[in-house]
Amino acid sequence: MHIFSIIFPLIFIVALGYTSCFFKFFNQQHIAGLSKFTFYVSLPAFLMLNMSQINLHQSISLEAFLSFYMPVLSVFSLGILIDRVFLSKPAAGIKQANYQQYSVFGLAGSYSNMVLVGIPIVIASLGKEMIAIAFMIITFHSTLLFALTYLIGAKGNADDFSWGKFAKNMALNPIVLSIGTGLILNVSGITLFTNLANSLELLASPAIACALFVLGANLVFYKIAANWQPALISSLLKILLLPAGVLVVATYVFVLETQIRNVLVLLSASPVGVNAYLIASQLKQHQATLAGAVVLSTVLSVFSFTFWLAVLL
């Protein structure tokens with residue numbers, strides 16, 4: 001019942017978003033507007049305020065960083081291997097390996113929807129004070145995995161990958177920018193004047209609910225393709241194998257505190273992030289697989305989170 005009480009409010013808001021869009025109460029244009037408010041206004045305000053107030057000594061940990069990213073990079077590599085050996089079917093007459101395709105599948109099994117799903121789960125199950133460690137993980141998440149995806153896909157070809165353009169896109173990403181701004185405020189000791197802080201609190205207050213609602217609504221627009229098998233494989237890598245790896249490394253290799261370990265496992269158990277689908281669309285590789293993986297992993301995460309919470313709590 002304790003686990004049900006944690007999961008139910010989150011499922012309810014996601015389901016409300018899905019049904020509202022499925023029955024045409026909201027259309028795609030409405031959701032696009034709400035998404036823009038959520039990702040460019042409300043969530044950045046939430047992340048900046050919390051980052052400016054956290055205890056940095058509790059949020060910066062090399063052992064926690066390695067406990068999370070060692071399994072992430074391992075699963076990313078495993079995804080590449082699975083796609084190359086078992087899933088990829090080169091077109092007739094083409095013998096050259098398609099590293100863009102392999103790297104996108106690796107991304108599908110390792111890229112977590114931490115902002116929309118991970119943070120709400122951590123707050124609901126472990127408390128708001130435990131999100132400090134999550135910000136360190138989130139800050140490097142997209143940067144590391146997207147860079148790897150592009151670099152492996154390009155195989156070092158500068159024409160296919162530009163560090164300058166990539167750095168600009170990451171620096172202007174609202175999530176990275178808001179966490180970075182909050183970090184500057186925290187380190188510098190600058191205190192926002194009361195009226196501005198109260199205004200930002202109002203903007204931040206609907207962030208989690210809006211994020212979950214938008215996630216549910218967007219599931220209407222992503223379909224599980226006919227080739228659902230690769231989507232299922234990447235989903236299982238993402239919500240079962242990856243958190244299992246994080247649990248083992250955090251518990252037996254670096255012997256982290258229980259609460260920090262729990263945060264890392266729950267973040268890693270988050271479903272496949274929508275941004276991975278956007279990367280697949282940009283590279284024109286595994287688009288159907290990623291669209292299916294976003295839907296499948298999100299639906300299956302209801303059961304996987306129940307399992308992981310039972311193991312951890």
Check the hydrophobic clustering (I, L, V, M, F, W, Y; side-chain heavy atoms under 4.5 Å; chains of links allowed) and say if Ile131 and Leu177 are grouped together. no
Taking the side chain as every heavy atom from C-beta outward, state whether Ile137 and Val263 have any pair of such atoms under 4.5 Å apart. no
Taking a hydrophobic cluster as the set of Ile, Leu, Val, Met, Phe, Trp and Tyr residues connected by side-chain heavy atoms closer than 4.5 Å, whether directly or through intermediates, do Phe4 and Leu126 fall within one such cluster? yes
Look up atom CG in Leu116 and atom CD1 in Ile119, then write down how far apart they are to the nearest 0.5 Å. 9.0 Å
Indicate, with yes or no, if Tyr252 and Val246 share a hydrophobic cluster defined by side-chain heavy-atom contacts under 4.5 Å among Ile, Leu, Val, Met, Phe, Trp and Tyr. no
Main chain of Ser235, side chain of Ser297: is a donor-acceptor contact present, judged purely on distance under 3.5 Å? no
Main-chain N/O of Ser268 paired with Lys238 side-chain donor or acceptor, under 3.5 Å: yes
Could you walk me through whether Phe213 and Phe26 satisfy the ring pair (Phe, Tyr, Trp, His ring centres under 6.0 Å) test, starting with their C-alpha distance in whole Å, then the side-chain angles of each, then the deciding distance to 0.1 Å, before giving a yes or no? CA-CA 11 Å; Phe213 187 91; Phe26 290 99; 5.5 Å; yes
Of all heavy-atom pairs between Ile54 and Asn186, which one has the smallest distance, and what is that distance? O-ND2, 2.8 Å
Side-chain donor-acceptor contact under 3.5 Å, Tyr40 with Ser35: no
Going hydrophobic residue to hydrophobic residue with side-chain gaps under 4.5 angstrom, can you get from Leu202 over to Met51? no
So does Glu257 have more than 12 non-hydrogen atoms from other groups sitting under 6.0 Å from CD? no
Between Phe305 and Ile239, is any pair of side-chain heavy atoms under 4.5 Å apart? no
Heavy-atom nearest pair, Leu237 first then Gly79, reads CD1-CA, 4.3 Å
Value for OG1 (Thr289) from CD1 (Ile233), rounded to nearest 0.5 Å, stands at 9.5 Å
From CA spacing to verdict: side chain to side chain contact (heavy atoms under 4.5 Å, CB included), Leu183, Thr139: CA-CA 11 Å; Leu183 179 62; Thr139 302; over 6 Å; no
Ser110 and Val72: which non-hydrogen atoms are nearest, and at how many Å? CB-O, 3.8 Å
Answer yes or no: is there a donor N or O on one side and an acceptor on the other, between the side chain of Ser52 and the main chain of Leu49, under 3.5 Å? yes
Measure from the side-chain N and O atoms of Ser270 to the backbone N and O of Val117, and report whether any donor-acceptor pair falls under 3.5 Å. no
Would you say Phe254 and Leu62 make side-chain contact, with heavy atoms under 4.5 Å? no
Hey, can you tell me if Phe22 and Tyr18 have their rings parallel, tilted or perpendicular (30° and 60° cut-offs)? parallel
On a heavy-atom basis, the closest approach of Val75 and Gly109 is CG1-O, 3.2 Å
Trace of the side chain to side chain contact (heavy atoms under 4.5 Å, CB included) decision for Thr149 with Val104: CA-CA 6 Å; Thr149 302; Val104 168; 4.2 Å; yes
May I ask you to check whether over 12 heavy atoms, not counting those of Gln28, lie within 6.0 Å of atom CD? no
Ala45 versus Leu203, closest heavy-atom pair with distance: CB-CB, 4.1 Å
Contact check, side chains of Val253 and Leu66, non-hydrogen atoms, under 4.5 Å: no
Hey, are the side chains of Asn173 and Ser142 touching, using non-hydrogen atoms and a 4.5 Å cut-off? no
Nearest 0.5 Å, what's the OH-CG distance between Tyr111 and Leu144? 11.5 Å
Donor-acceptor pair, distance only, cut-off 3.5 Å: does the side chain of Ser178 make one with the backbone of Ile175? yes
Please answer: with hydrophobic residues joined when any side-chain heavy atoms are less than 4.5 Å apart, are Phe65 and Ile179 in the same cluster? yes
Does the pair Leu212 and Phe12 meet the rule for a side chain to side chain contact (heavy atoms under 4.5 Å, CB included), with working shown? CA-CA 9 Å; Leu212 292 170; Phe12 176 80; over 6 Å; no
Minimum heavy-atom separation for Leu43 to Ala211, with atom names? CD1-CB, 4.2 Å
Parallel, tilted or perpendicular: which fits the ring planes of His141 and Tyr69, with parallel below 30° and perpendicular above 60°? tilted
Any side-chain heavy atom of Leu247 within less than 4.5 Å of one from Leu312? yes
Is the closest side-chain heavy-atom distance between Leu107 and His286 below 4.5 Å? no
Say you draw a straight line from CD1 of Ile7 to NE2 of His2; how long is it, rounded to the nearest 0.5 Å? 10.5 Å
With rounding to the nearest 0.5 angstrom, report the CG to CG distance, Asn98 to Leu283. 9.5 Å
Measure the spacing between CG of Leu10 and CD1 of Ile13 and express it to the nearest 0.5 Å. 6.5 Å
Apply side chain to side chain contact (heavy atoms under 4.5 Å, CB included) to the pair Leu266 and Ser125, showing each step before the final yes or no. CA-CA 10 Å; Leu266 292 176; Ser125 58; 3.4 Å; yes
With sequence neighbours excluded, residues passing side chain to side chain donor-acceptor pair (under 3.5 Å) with Ser103: none
Quick one: are Lys128 and Asn50 in side-chain contact, heavy atoms under 4.5 Å? yes
